[in-house]
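Throughout, protein chains are lettered first and strands after them, A, B, ... in sequence-line order, and every chain is numbered starting at 1.
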Amino acid sequence: MIQGLNNKQKEAVLNTEGPLLILAGAGSGKTRVITNRIAYLIQDKHVDPKHILAITFTNKAAEEMRERVQQQVGMDAGGAWISTFHSCCVRILRMYSHLIGYDNNFSIYDADDQKTVVKNICKKLEIDTKRFKEKWFIGQISSAKDELISPEQFEMNAGSDYYLKKVASVYTEYQKELKKNNAFDFDDLICKTIELFKVEPEILERFQDRFRYISVDEYQDTNTAQFKLVSMLAKKYQNICVVGDDDQSIYKFRGANIGNILNFEKVFPDAKVIRLEQNYRSTKTILDAANAVISNNTQRKEKILWTENEQGTKIRWVFADNAAMEAERVVSIIKDFLKDGYNLNDCACLYRTNSQSRALEEAFIRANMPYKVVGGVNFYQRKEIKDALAYLKTIDNGKDDVSVRRIINTPKRNIGAASVNAIQSFANDRQINFYSALDMGVDEGVFGKAGEKLRSFRNLIEDLKAEAEEVSLKELVDDVLLKSGYLADLQAENTVESQTRIENIEELINKVVLYEDTAAEPTLGGFLEEVSLVADIDSWDSADDYVSLITVHSAKGLEFPNVFLCGMEDGLFPMSAAINSEDPTDLEEERRLAYVAITRAKKNLIISGARWRMIQGETMTSIKSRFVKEIPPLLIEEDRNNTFVPKRNEFETTRPSAGKDFFSAKPYAASADKKQFEVKNGGALDYAVGDMVHHMKFGDGCVLSIDQGGRDYEVTVDFGGEYGVKKMFASFAKLKKL
DNA sequence: CTCCTTTGTCTTTTT
DNA sequence: GACAAAGGAG
């Protein structure tokens, strides 16, 4: 069990009794320690697997850990709970949520559902959603829940503050609404489990006795509520092991509380602390760079990560002219790696924001190189999938108003807002759920002309409900799509888009089949639950050969021989919001994110950026990220194939909001359109000094001068009036001669 | 009631 | 530029 572990790691594995805090630096083998620890408990200490609870950050990590434990122990560790906080809580709530006033077949609401609920509440409370965004309320409510603040407490804390009072009223309504719909949001899963434990101490004790050995991975990213939950569970036996690295805390925005690392020793006073500081993953160069960057943070536990690995190659810095060319360069470097014997899945492109994947994707498609975008628009967030799931949720949980309202007119049944409002007010009058109101109202004939349409919808749902008891899940889903007319509608549309939607639905059916084949006791509720808790990263599979395109957040916990860190420009990474924030810890969080990104690399790290980039439809110019500048120059070299156009930096001054519309034209695509680019710039412009020209934004103006600047022309135009004299690049301004 | 056009917002990051 | 939400015409 402890072979091949270093002394510190051994110590961490063998210390099974009592509270233990493991501070594990990046690449220090913490996953290995946790799995070995669990295996050691089962095999050497003869602990029954059912007494073990291991919390991981993603389902993927849980699955992997389960496999590795099984491999080591050579037996089924099935009795052990290895899961995420959320799945763990769902499991508990499915058994006992009736004790806190919910049905055990509750729905789980995602961000979209939350927004729908809040939107309705705002309408009811006459809150202007232009001034107060639904998202803002959801954020406030979520942070409150992360800190275990109830609506009542929130109201009290709000005092006479106008804004907080508004939030309090929405929060109160929101909780009422969710309860009425028999639904939990993600935060509720944690909070309501805690509530259950508080209300029913004997249930808590049952779980305390069950989970005598608890471990929590990625401890730095737990929030207050999650910490409270594990503390409660571990209170009786005190065998709790948490593993984390404060330098990799990147979820502050989600309520993660670094204080948990400090608090741990307060809540568990005899906690032992073990530091894992030897890195087995990266070359010296990469590790030195990571250490240099993170040392600029003031808010951290000082630690020294070291490695016995070789020095390795220098980090490469690529600064391309625009995002397309950056992507081209990434692709060509990957081709070089392939020549060196690497596979595609040895390579990953990491970026700060999901929107950056597009430029890379285009380059990969052009190069005919297999790639996979991890994350982006989650499969389960697609319209067609959400629609299908809303049908299933309606069948499973008739109280789920959000789902019923979603599908009542999808596909089109000529049931409009008027009918929906009529049902809602009927429901309000009788204090019943939306669907019950629909059901009763139809029978009592209170909906007038719309009655027949509503009746056939009601009959459809009742029909499917009855069927759900009889047939397999797959048959049920098939029939939902068939009898609702949803599939027929898509087929009739017959567009490329509707075709992809059908394919996605087929994919969903595959997942249903897979679930039915693998689950011990497949149920509709079980399927819906599995589906609502998937993370982006869960779909990632290291076995297939493709390049991974992934956000830095999602890449946490992964490692690749060759890492491309793309879009390293000031304003993008770190984001300008963090740069301009009054709170200096925002920038530190960005730096930790950069640290996470750098430490994903084992052998080669390529950092790239683009001088010009389209952001929200506007082209911006940027400079090298401050984080790249924090890497000692000795460790980094300029990419040889860099194209450098010095003149362009002059335009930085025109950048932020003042020069908003300055480069309002389409960026040219990279090599595919290169010819076009050269013609446009090498060839003569069709206007000259003194000509009148037209600009999309500024209107008509007179050309004052044309200068050769870098590889483009700089044109100065006097537009007169409010815009005055503007300087711009010919290829971007798209001026038309009048 | 639906469809089409226009307008506005958005990009941090996710269980 | 992309997408959702709101507004207006049929």
Side-chain angles (χ1 to χ4, degrees), chain A residues 55-62 83-90 108-112 114-116 119 129-130 133-136 138-139 142 145-146 184-190 218 221-223 225-226 249-256 323 350-359 374-378 380-381 383 409 411-421 449-450 453 529 531-538 550-556 567 571-581 586-587 589-590 592-594 596-597 613-620 664-667:
Chain A
I55 301 285
T56 58
F57 198 64
T58 63
N59 294 305
K60 180 100 206 151
S83 72
T84 63
F85 269 110
H86 297 272
S87 326
C88 169
C89 289
V90 169
I108 299 168
Y109 278 4
D110 69 6
D112 275 355
Q114 286 180 296
K115 198 176 166 197
T116 312
K119 202 172 168 184
T129 49
K130 288 230 169 76
K133 300 271 157 50
E134 291 96 335
K135 263 195 175 166
W136 181 72
I138 293 169
S142 176
K145 288 182 180 177
D146 287 345
F184 293 120
D185 63 23
F186 282 119
D187 303 309
D188 278 341
L189 295 176
I190 315 290
E218 306 287 6
D221 287 324
T222 54
N223 62 34
Q226 290 166 334
S249 164
I250 54 174
Y251 284 100
K252 198 181 80 179
F253 72 93
R254 204 170 79 187
L350 272 48
Y351 38 78
R352 179 67 240 264
T353 64
N354 277 307
S355 58
Q356 286 169 255
S357 70
R358 173 157 285 165
V374 181
V377 184
N378 191 318
Y380 293 101
Q381 278 168 281
K383 278 181 218 69
N409 198 31
K412 300 271 179 298
R413 300 188 176 89
N414 287 331
I415 300 173
S419 308
V420 171
N421 287 339
K449 248 168 71 184
K453 290 177 275 186
E529 166 190 325
V531 142
S532 40
L533 295 177
V534 291
D536 290 338
I537 189 65
D538 294 338
I550 188 168
T551 63
V552 181
H553 280 90
S554 291
K556 193 176 69 157
L572 184 59
F573 196 171
M575 303 219 57
S576 36
I579 296 173
N580 300 327
S581 166
D586 284 348
L587 191 60
E589 172 129 330
E590 292 277 312
R592 288 194 293 271
L593 199 53
V596 168
R613 183 184 299 276
M614 264 287 229
I615 291 171
Q616 287 169 230
E618 276 158 27
T619 307
M620 307 272 213
S664 52
K666 258 193 167 159

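- Phe85(A) and Phe186(A) have their aromatic ring centers separated by at least 6.0 angstrom.
- Taking 4.0 angstrom as the limit, Thr551(A) places none of its side-chain polar atoms (N or O) nearer than this to OP1 or OP2 of dT12(B).
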Per-nucleotide protein contact along nucleotides 2-9 of chain C, 5' to 3', at a 4.0 Å heavy-atom cut-off (B base, S sugar-phosphate only, - neither), is S-SSS---

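- Using a 4.0 Å heavy-atom distance criterion, Asp110(A) is classed as making no nucleic acid contact.
- Across all strands, Ser419(A) comes closer than 4.0 Å only to sugar-phosphate atoms, never to a base (heavy-atom distances).
- Along DNA chain B, the nucleotide closest to Val420(A) and the one closest to Gln114(A) are compared, and the more 5′ of them pairs with Val420(A).
- Ring geometry for His553(A) against Phe253(A) counts as perpendicular: the plane angle is over 60°, on a 0 to 90° scale with 30° as the lower cut.
- The minimum heavy-atom distance linking Asn409(A) with Asn414(A) is given by the pair OD1-N, 3.3 Å.
- Using a 4.0 Å heavy-atom distance criterion, Ala111(A) is classed as making no nucleic acid contact.
- In this structure, the side chains of Ile250(A) and Lys556(A) come closer than 4.5 Å at one or more pairs of heavy atoms.
- Using a 4.0 Å heavy-atom distance criterion, Glu590(A) is classed as a base contact.
- Between Lys252(A) and Asp586(A) there is a salt bridge, since a side-chain N of the basic residue sits under 4.0 Å from a carboxylate O of the acidic one.
- Here the nucleotide nearest the side chain of Lys133(A), chosen from dT9(B), dT14(B), dG1(C), is dT9(B).
- Side chain of Asp187(A) to backbone of Asp146(A): no donor-acceptor contact under 3.5 angstrom is found.
- Phe573(A) comes within 4.0 angstrom of nothing in the nucleic acid, heavy atoms only.
- Nearest-nucleotide mapping onto DNA chain B: of Arg352(A) and Phe186(A), the residue sitting toward the 5' end is Arg352(A).
- The interatomic distance linking Leu350(A) (CG) with dT13(B) (P) rounds to 14 Å, in whole Å.
- With distances taken from any side-chain atom of Lys412(A) to the nucleotides dT2(B), dT12(B), dT13(B), the minimum falls on dT2(B).
- A straight line from NZ of Lys252(A) to C1' of dT14(B) spans 16 Å, rounded to a whole angstrom.
- Distance noted for atom C1' between dA5(C) and dT12(B): 23 Å (whole Å).
- Close to dT14(B), at under 4.0 Å from its OP1 or OP2, lies a side-chain N or O of Asn354(A).
- The side chain of Met614(A) has dG1(C) as its nearest neighbour among dG1(C), dC1(B), dT14(B).
- Within the nucleic acid shown, Lys135(A) comes within 4.0 Å of sugar-phosphate atoms alone, with no base atom in reach, counting heavy atoms only.
- For the pair Ile550(A) CD1 and dT14(B) C1', the computed distance is 13 Å after rounding to whole Å.
- Contact annotation: Ser87(A) side-chain N/O to dT15(B) OP1/OP2 distance is not under 4.0 Å.
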